[in-house]
Number of protein chains: 2
Amino acid sequence: MKRKITLKHIARELGVSISTVSKALKNSEEIGAETKVKIQAYAKLHNYKPNNIAISLKNKRTKNIGVIIPDIVHHFFTTVFRGIEKYANGKGYNVIVCLSDESFDKEVINMELLANGSIDGFIMALSSGTQLKGDYTHLKEVTDQGIPLVLFDRVTDEITCDKVVINDKEGAYQAVTKFIKDGRKKIALITTDEYISVSRDRTAGYKQALLDHDLEFDEELILKLPTMEIDENAIASFFSNTEVDAVLCVNEVFAIASMRYVKAKGHNIPEDISFIGFTDGILSKYATPGLTAVAQHGEEMGEIAAQMLIEKIEVEVEEETYVTKVLAPTLIERGSTRNNKV
Amino acid sequence: MKRKITLKHIARELGVSISTVSKALKNSEEIGAETKVKIQAYAKLHNYKPNNIAISLKNKRTKNIGVIIPDIVHHFFTTVFRGIEKYANGKGYNVIVCLSDESFDKEVINMELLANGSIDGFIMALSSGTQLKGDYTHLKEVTDQGIPLVLFDRVTDEITCDKVVINDKEGAYQAVTKFIKDGRKKIALITTDEYISVSRDRTAGYKQALLDHDLEFDEELILKLPTMEIDENAIASFFSNTEVDAVLCVNEVFAIASMRYVKAKGHNIPEDISFIGFTDGILSKYATPGLTAVAQHGEEMGEIAAQMLIEKIEVEVEEETYVTKVLAPTLIERGSTRNNKV
DNA sequence: CCATTTTACGCAAACGGTTTCGTGCCAGGA
DNA sequence: TCCTGGCACGAAACCGTTTGCGTAAAATGG
């Protein structure tokens, strides 16, 4: 077992001082050519690599960024993460991921742990627990310490920091407008509880589109599912009691589960009922028929978040400014809406 | 902006030495009750938290584990990651993720970077690039340095370390046996290139099951897709030229794409053709009909890998022993095979 | 040949902790 | 009064690097 070699080993072995070794390896002008060659050769031979931890301590820079997301199993977060990792890696940063599991407590614990020197900045999407509780002191503490923070997707106005979101209201608006253009009149919305910021915005877009096209807003046409898990019974009773010809869902799982139900009941998609779902993930793509979806551009969002964060980490300014970048959603048309290919 | 406070600050402020503060905060018996109370109160008031980096340098323990996987967007890797994160977090470890993107070079670079002190151990699944190249010197170097390593899913015999895999051969065997019991005779296999260890094992299980049930093995019934991306044309030409009544796919995307194609061609599933896919992911669950799948128990695999790794990190033994844990796959029956519910 | 500059390196502090080993002081015992 | 012991704390080494500064020895100049 060849343990890692340090400057000290090289110095002792070659009979020079540690600082000489350090300088020689940085090709400093201070060190004589002969000595440099000797030291560099020895270092290469023994595969010397400086210890990251020691360098971090010295520089107060870890080259790590912390990513805290509710869940990695959701396709959207996964794509965002990939964008973050890609950009960060290109800039020489590593990514530490913590899953909050939608829990306020886990979010707080993980942040505090990482904030004690392990990372140079955070990228995060708020857990539903945090949004429900409305308590953002853990974020405040982090920003107060001067640790850069970028929020994405699930954000809050309570915290002043860089943010990147898609225009959820606009996405819902586009979807509903598409339904209306296709002649739909009874447009339903399947969503989660209001405390999730994105659901709130999407509901607003839904209402706005109805209003703008002189359709009545009807509470009966909205189904709120309290959890991300599929409640088959709730879906069944909703469709039995409500007459609809189009359904907008705030995520693709809701959409796929609903499509499955109405297909089983003998309805045709998109002839009888159209569907649009948020999140253009793998399910939308491979569903039969393909699910028309509001693409959230997760990977791009991740790259932008990472770019904003690293910018804040690396450049010193006397007066910080914060921006909220709003990405435009894109409607990807597939077979679950009228007049389209499979 | 309240910068992080250090022992030095507290010491200076309270007129004691740094070591006194350190000991007081650890509730050492050496320090007088009065002084301890005073120091602890001050620390709490100013929210003192020790710097992780400094502790890492001192202890030569980072409490970080490195996870290197080919891609996070694949459901299987995602679930494994969740298992790892869950277990590791419970043990006070953070997880640094690097994506190799199926590339040998990225895998090597990321490993070398992390190996220089950033992590206490690695958990990884080999990239296809690495398996294709068959070069494992970067793994060897890591283990030679005494850094614990656990491989999962995509493993190699060339490296001596802990491993956790599912019995891929057995999974394929079970699937094919299921087909045969259902009366299928022309059983196809859609797979990737042989250099991926899991594909090789699954192909072996497929062949073995045919042999054991006196069915002829026919090369024509195997479709090899060179990349993970779906090649619609290859699928179309395969099904046009080959008569099959059952299809085993080495991942769910292949299965879903194939099902879609044969459905579009007017065949009924499972009446005319049955399907089974590996990876029991979200697609299998929400497909219509549901895809019968070989569950790989990713989350469990992740937990076990993390457990094995942390065990190796934390306990010192004079003679290391390595085990390969083989998990049993489970066939999850859904509507894509005969005699079953939707 | 002596003074000055340059070369080539070492010392030591610093990053933020932990921990071992002293050490000054006070109390108690003889 | 002197010695001993324990209490309460401080000094310093250490983890692995970086870097400003000091300084011998060599080179240069006059």
Side-chain angles (χ1 to χ4, degrees), chain A residues 3-40 42-43 46-64 113-120 145-147, chain B residues 3-40 42-43 46-64 113-120 145-147:
Chain A
R3 273 243 92 81
K4 273 269 159 198
I5 194 175
T6 69
L7 290 183
K8 199 195 286 189
H9 292 114
I10 303 183
R12 196 193 309 131
E13 214 60 32
L14 264 44
V16 295
S17 79
I18 293 179
S19 46
T20 302
V21 178
S22 175
K23 288 167 186 167
L25 293 177
K26 312 210 103 169
N27 232 327
S28 160
E29 290 304 320
E30 272 186 78
I31 306 301
E34 232 180 300
T35 319
K36 271 204 284 201
V37 170
K38 183 178 65 173
I39 292 176
Q40 287 168 1
Y42 189 93
H46 291 79
N47 194 29
Y48 169 79
K49 295 276 166 52
N51 180 307
N52 291 333
I53 298 292
I55 292 181
S56 293
L57 183 58
K58 186 88 197 90
N59 299 350
K60 296 169 154 242
R61 280 288 164 79
T62 62
K63 284 271 183 179
N64 287 155
L113 205 73
L114 293 182
N116 298 134
S118 297
I119 51 86
D120 295 340
Q145 282 171 37
I147 300 178
Chain B
R3 273 243 95 80
K4 274 269 161 199
I5 194 175
T6 70
L7 288 184
K8 199 195 284 190
H9 292 114
I10 303 183
R12 195 193 311 130
E13 213 61 33
L14 264 42
V16 293
S17 78
I18 293 180
S19 43
T20 303
V21 177
S22 176
K23 288 170 189 165
L25 293 177
K26 312 208 101 170
N27 231 327
S28 159
E29 289 305 319
E30 273 187 75
I31 306 301
E34 235 179 299
T35 319
K36 269 204 286 203
V37 169
K38 184 178 65 176
I39 292 176
Q40 287 169 1
Y42 188 93
H46 291 78
N47 194 29
Y48 170 79
K49 295 275 167 53
N51 180 308
N52 292 334
I53 299 291
I55 293 180
S56 293
L57 182 58
K58 182 75 191 158
N59 299 349
K60 299 171 153 237
R61 280 288 165 78
T62 62
K63 284 271 181 178
N64 286 154
L113 206 72
L114 292 181
N116 295 318
S118 297
I119 50 87
D120 295 339
Q145 283 172 36
I147 300 178

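What's counted below: heavy atoms across the whole structure, side chains too, no hydrogens, waters or symmetry copies. Numbers restart at 1 for each chain; the letters A, B, ... are given by sequence-line order, proteins then strands.
Donor-acceptor pairing under 3.5 Å, judged by distance alone, is absent between the side chain of B/Ser17 and the base of D/dC9. On a pure distance criterion of 3.5 Å, no polar donor-acceptor pair joins the side chain of B/Thr35 and the base of D/dA8.
Between the CZ atom of A/Arg61 and the C1' atom of D/dT17 there is a distance of 17 Å, rounded to whole Å. One interatomic measurement links the two molecules: NZ of B/Lys58 to C1' of C/dG16, which rounds to 11 Å at whole-angstrom precision. Taking atom NZ on B/Lys63 and atom C1' on D/dC15, their separation rounds to 18 Å, with Å as the unit. The nearest whole Å value for the distance from the CD1 atom in A/Ile39 to the C1' atom in C/dA8 is 11 Å. Between the CD atom of A/Glu34 and the C1' atom of C/dC9 there is a distance of 13 Å, given to the nearest Å. Rounded to whole Å, the distance from CG on B/Asn59 to C1' on D/dC15 is 9 Å. Here C/dA14 presents its P atom at 6 Å from NZ of B/Lys8, a figure rounded to the nearest Å. One interatomic measurement links the two molecules: NE2 of A/His9 to C1' of D/dT17, which rounds to 14 Å at whole-angstrom precision.
Annotation: proximity of residues 46-54 of chain A to DNA chain D (heavy atom, distance under 4.0 Å) is found for A/Tyr48, A/Lys49, A/Pro50, A/Asn51, A/Ala54, numbered in ascending order. Within residues 23-32 of chain A, the residues approached by DNA chain D to less than 4.0 Å at the level of any non-hydrogen atom are A/Lys23, A/Lys26, A/Glu30, in residue-number order.
With D/dG10, D/dT17, D/dC15 as the candidates, the nucleotide lying closest to the side chain of A/Ile18 is D/dT17.
The side-chain heavy atoms of B/Asn64 and B/Leu114, taken from C-beta on, include no pair separated by under 4.5 Å. Using a 4.5 Å heavy-atom threshold, the side chains of B/Ile53 and A/Thr62 count as touching. In this structure, the side chains of A/Val21 and A/Leu14 stay at 4.5 Å or more apart for every pair of heavy atoms. Contact of the A/Asn27 side chain with the A/Gln40 side chain is registered, since non-hydrogen atoms from C-beta on lie closer than 4.5 Å. At a threshold of 4.5 Å between non-hydrogen side-chain atoms, the residues A/His9 and A/Glu13 do not count as touching. Proximity of B/Thr20 to B/Ile31: side-chain heavy atoms (C-beta onward) are separated by under 4.5 Å at one or more points.
A donor-acceptor pair is defined here as one N or O able to donate and one able to accept, closer than 3.5 Å; such a pair exists between the side chain of A/Lys36 and the backbone of A/Ser28.
For the atom pair OG (B/Ser56) and CG (B/Asp120), the distance works out to 7.5 Å, reported to the nearest 0.5 Å.
The residue among B/Lys60 and B/Val21 whose nearest nucleotide of DNA chain D lies closer to the 5′ end is B/Val21.
Within 4.0 Å of B/Thr6, counting heavy atoms only, lie sugar-phosphate atoms of the nucleic acid but no base atom.
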Just do the side-chain contact (heavy atoms from CB on, under 4.5 Å) check on B/Asn52 and B/Lys63 with the steps written out, would you?
CA-CA 9 Å; B/Asn52 292 334; B/Lys63 284 271 181 178; over 6 Å; no

